[in-house]
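A quick write-up on the structure given underneath.
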Amino acid sequence: MKLVINKDVIAANRSDVIMKTLFGVDAVEDARVTMGTVVFPPGARVPAEGAGVHAEHEYSFVMSGSLLTVSGGKECRISEGQASLIPAGEEHWAFNDGTENCELIWVLVK
């Protein structure tokens with residue numbers, strides 16, 4: 001197993017959100033786990049336009065605030081204390097339409 005810990009790497013150099021990758025693990029052959037945090041200020045949308053997609057399953061846990069999300073064409077709101085799963089390959093986006101920051105922990109699993 002290979003474990004890479006990096007608390008200071010900003011994974012996305014963006015002006016609208018603060019994203020940090022906390023660690024990445026090559027757990028077993030052909031498996032990878034990456035974990036981090038992101039802060040969405042009010043009005044932030046990721047991606048800024050359109051939808052994002054990646055090869056990993058994305059698990060998120062909202063620590064504070066809430067987000068309006070669309071994943072697989074379905075709209076949902078996730079709020080403090082709630083978790084979500086975006087299956088690998090599914091187009092998605094998130095928007096903080098509230099008045100407070102939304103902070104969440106995310107985990108990508110391949």
Side-chain angles (χ1 to χ4, degrees):
M1 175 170 55
K2 179 172 125 185
L3 174 63
V4 179
I5 300 173
N6 192 342
K7 295 181 180 178
D8 300 319
V9 172
I10 296 176
N13 186 9
R14 303 174 57 117
S15 62
D16 55 347
V17 297
I18 300 169
M19 183 179 295
K20 293 184 180 181
T21 300
L22 300 177
F23 71 84
V25 178
D26 290 323
V28 293
E29 187 176 329
D30 296 328
R32 177 150 178 83
V33 176
T34 307
M35 180 180 182
T37 63
V38 63
V39 176
F40 288 77
R45 185 186 190 280
V46 175
E49 296 179 1
V53 65
H54 38 77
E56 303 87 1
H57 300 295
E58 180 179 338
Y59 300 87
S60 296
F61 178 79
V62 179
M63 297 186 312
S64 64
S66 70
L67 289 173
L68 175 65
T69 66
V70 171
S71 183
K74 295 180 183 175
E75 187 175 297
C76 180
R77 176 165 305 279
I78 56 172
S79 300
E80 184 175 334
Q82 294 182 318
S84 68
L85 163 65
I86 301 168
E90 189 165 278
E91 290 188 350
H92 59 282
W93 57 264
F95 174 62
N96 182 350
D97 60 348
T99 59
E100 300 178 6
N101 284 351
C102 178
E103 186 171 2
L104 60 86
I105 298 170
W106 54 266
V107 180
L108 297 177
V109 180
K110 182 175 181 185

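One is the number of the first residue; the rest follow in order along the sequence. Below, all heavy atoms of this structure are taken into account, side chains as well, without hydrogens, waters or symmetry copies.
- To the nearest 0.5 angstrom, Met63 atom CE is 11.0 Å from Asn101 atom CG.
- To the nearest 0.5 Å, atom OH of residue Tyr59 and atom CG of residue Leu108 are 10.5 Å apart.
- Criterion: ILVMFWY side-chain heavy atoms under 4.5 Å apart, direct or through other members. Under it, Leu85 and Val109 are part of a common hydrophobic cluster.
- At a threshold of 4.5 Å between non-hydrogen side-chain atoms, the residues Thr69 and Cys76 count as touching.
- In terms of modelled atom types and a separation under 3.5 Å, the side chain of His57 and the main chain of Ala88 share a donor-acceptor contact.
- In terms of modelled atom types and a separation under 3.5 Å, the side chain of His92 and the main chain of Gly72 share no donor-acceptor contact.
- Considering all non-hydrogen atoms of both residues, Ser71 and Ile86 come closest at OG-CG2, 3.5 Å.
- Taken to the nearest 0.5 Å, the NE2 atom of His54 stands 10.0 Å off from the CD atom of Glu90.
- We find the CD1-CZ distance between Ile78 and Phe61 to be 10.0 Å, quoted to the nearest 0.5 Å.
- The main-chain N or O of Asp97 is never found under 3.5 Å from a side-chain atom of Arg45 such that the two would form a donor-acceptor pair.
- Between atom CH2 of residue Trp93 and atom CD of residue Glu75 there is a gap of 6.0 Å, rounded to the nearest 0.5 Å.
- For the residue pair Cys102 and Val62, the shortest heavy atom distance occurs at SG-CG1, 4.0 Å.
- The two atoms that bring Trp106 and Ser60 nearest to each other are CB-OG, 4.0 Å, heavy atoms only.
- Here CG of Leu104 is found 8.5 Å from OG of Ser64. Values are rounded to the nearest 0.5 Å.
- In terms of heavy atoms, Arg77 sits closest to Gln82 at O-OE1, 3.8 Å.
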